[in-house]
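Report on the structure given below.
All ligand and atom numbering here is 1-based and tracks the order in the structure.
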Amino acid sequence: MSMAEQARATLRANDRGGYSVPTARLYPFQWNWDSAFVAMGWATFDEDRAWQEIHWLLKGQWDDGMIPHIVFHAPSDDYFPGPAVWGVMHAPPTSGITQPPVLAAAVRHLWDHARDRAAAEANAASVYPSLLCNHRWWQAARDPQRHGLVATLHPWETGMDNSPAWDGPLARVPTETVSPIRRRDTMLVDAAMRPRGEEYQRFIHLVDLFRDAGWEPARMLSVSPFRVADVGTNAILLRAEKDLLALARRFGSVPQQAEIETRIERISAALERLWQEEAGLYVSLDLVTHALCPVGTSAGFLPLFAWHGQARAARLAATLAAWGGRATRLVPSADPGFAGFEPKRYWRGPVWAVVNWMIADGFATVGNAGTASRIRTDTIALIETAGLSEYFEPISGEGIGGADFSWTAAIYLMWCGGGS
Ligand code: DGY
């Protein structure tokens with residue numbers, strides 16, 4: 001079986017009848033940003049199924065516009081924390097926090113690349129109001145004072161759970177929890193590839209805290225000791241706003257277009273505050289101490305994905321080349337020169353195909369085809385050698401974490417699937 005056939009078989013195996021699990025057992029529900037990428041993968045061979053992925057994710061959207069990071073469509077004991085720990089009143093049950101808003105970019109991608117134009121028009125028109133409502137939520141709930149950068153209140157919201165960028169902000173979060181911690185992930189994957197126990201205690205402390213705050217956005221924002229302007233989330237949101245604007249020009253009103261343009265200007269201006277000259281890339285901002293996070297991560301290249309920072313593209317490419325000199329496969333999730341770099345541990349070093357796809361897209365857009373092609377080639381070689389793993393060790397190239405991963409399959413199909 002070719003790798004493209006394996007990738008399609010993986011998506012089919014992870015299909016739960018309209019939505020995809022990231023992989024069986026380790027992640028037995030629907031995850032927000034996973035599904036955005038997975039929809040683009042499905043679209044290479046089954047456009048109708050791709051749209052279903054989006055519609056199923058939106059079944060979890062809250063009335064205020066928030067799209068949760070997990071939608072618990074069907075029960076499973078394989079994952080902690082399940083719906084009872086979150087204590088969210090919603091049908092279907094959901095978590096109470098969100099994840100990087102790739103969704104509008106995915107919908108635009110599906111709409112732009114559609115072979116079935118009529119279906120794409122109907123589907124995009126039907127989800128556009130939900131996307132608009134979601135982007136309004138980001139501003140109202142996470143940037144109520146209109147500084148320009150949205151706040152992220154939990155490392156899980158960044159999608160890069162144990163990134164070294166969060167070491168400082170996370171250290172402020174107490175380790176005591178009300179909910180007993182019953183990790184399942186370390187029964188399924190080597191604990192050395194997962195976040196540490198102490199990080200989980202802090203992750204769950206935040207869940208307890210927000211549940212006590214009734215999942216009310218203003219209260220969450222004021223009580224959270226973890227409050228960061230994540231460069232990844234803000235860059236992805238900026239890109240998503242630009243894609244939403246394209247959708248608004250087709251499906252929305254003139255005032256809605258103006259509203260989106262205002263947000264684009266505000267985020268674009270604020271994103272420049274995250275440039276770190278010494279490190280040669282963008283970094284996240286701790287919104288409690290107002291200090292820039294001192295560690296470079298792969299998220300620091302994502303402003304290019306938002307068609308932002310063109311003037312800095314050569315410097316970003318040089319930084320990436322320096323990282324490539326230390327870690328043979330691009331793009332490690334943390335600066336390989338950082339003392340706390342851990343090539344096997346989740347977001348502290350390994351390469352993630354979805355992040356590579358976004359960074360390569362950014363370099364291609366600013367005209368650096370060489371860097372874009374190096375990232376693409378490295379990613380394809382990793383997958384063809386090590387399989388459809390959750391993530392990859394950047395020095396040995398070993399496939400690690402969960403196996404048969406949906407979003408890795410999706411990226412392979414977008415790059416090599418040929419749309420057949
Ligand atoms: C996990 O459980 O590992 C996820 O990253 C949280 O969404």
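Taking a 4.0 Å cut-off on heavy atoms, Y200 registers as neighbouring ligand 1. Ligand 1 has no atom lying under 4.0 Å from any heavy atom of D185. Heavy atoms of Y346 come nearer than 4.0 angstrom to ligand 1 in at least one pair.
In summary, the atoms of ligand 1 found under 4.0 Å from a heavy atom of W156, numbered by their order in the structure, are 6 (C). Near H69, with a cut-off below 4.0 Å to any heavy atom, the atoms of ligand 1 are 6 (C), 7 (O). Ligand 1 places these atoms under 4.0 Å from at least one heavy atom of Y79: 1 (C), 2 (O), 4 (C), 6 (C), 7 (O). Near R194, meaning under 4.0 Å from any of its heavy atoms, are these atoms of ligand 1: 1 (C), 3 (O).
The side-chain tip of R183 points at the ring of Y200 from less than 6.0 angstrom away and within 45° of straight on. Taking the ring centre of F305 as origin, the terminal cationic atom of R239 falls inside the region bounded by 6.0 Å and 45° from the ring axis.
Ring geometry for W33 against W407 counts as perpendicular: the plane angle is over 60°, on a 0 to 90° scale with 30° as the lower cut.
Under the 4.0 Å criterion applied to side-chain N and carboxylate O atoms, E259 and R136 are assigned as salt-bridge partners. Salt-bridge formation is not detected for the pair D161/R348: no Lys NZ or Arg NE/NH1/NH2 atom is positioned less than 4.0 Å from an Asp or Glu carboxylate oxygen. A salt bridge links D208 to R211: one of the charged nitrogens lies within less than 4.0 Å of a carboxylate oxygen.
Checked by distance only, ligand 1 and Y27 come closer than 3.5 Å through their nitrogen or oxygen atoms.
Under 4.0 Å from ligand 1, not a single heavy atom of F29 appears. Contact annotation for W347 and ligand 1: no heavy atom of the residue comes within less than 4.0 Å of the ligand.
Exactly one of N162, T186, D185 qualifies for a side-chain hydrogen bond (donor to acceptor under 3.5 Å, both in side chains) with R194. That residue is D185.
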**OP:** Report the C-alpha separation of E53 and Q30 in whole Å, then their side-chain angles, then the decisive distance to 0.1 Å, and conclude whether the side chain to side chain donor-acceptor pair (under 3.5 Å) test is met.
**Re:** CA-CA 9 Å; E53 188 76 30; Q30 187 175 22; 3.2 Å; yes

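The residue among V189, D161, I97 with a heavy atom at the shortest distance from atom 5 (O) of ligand 1 is D161.
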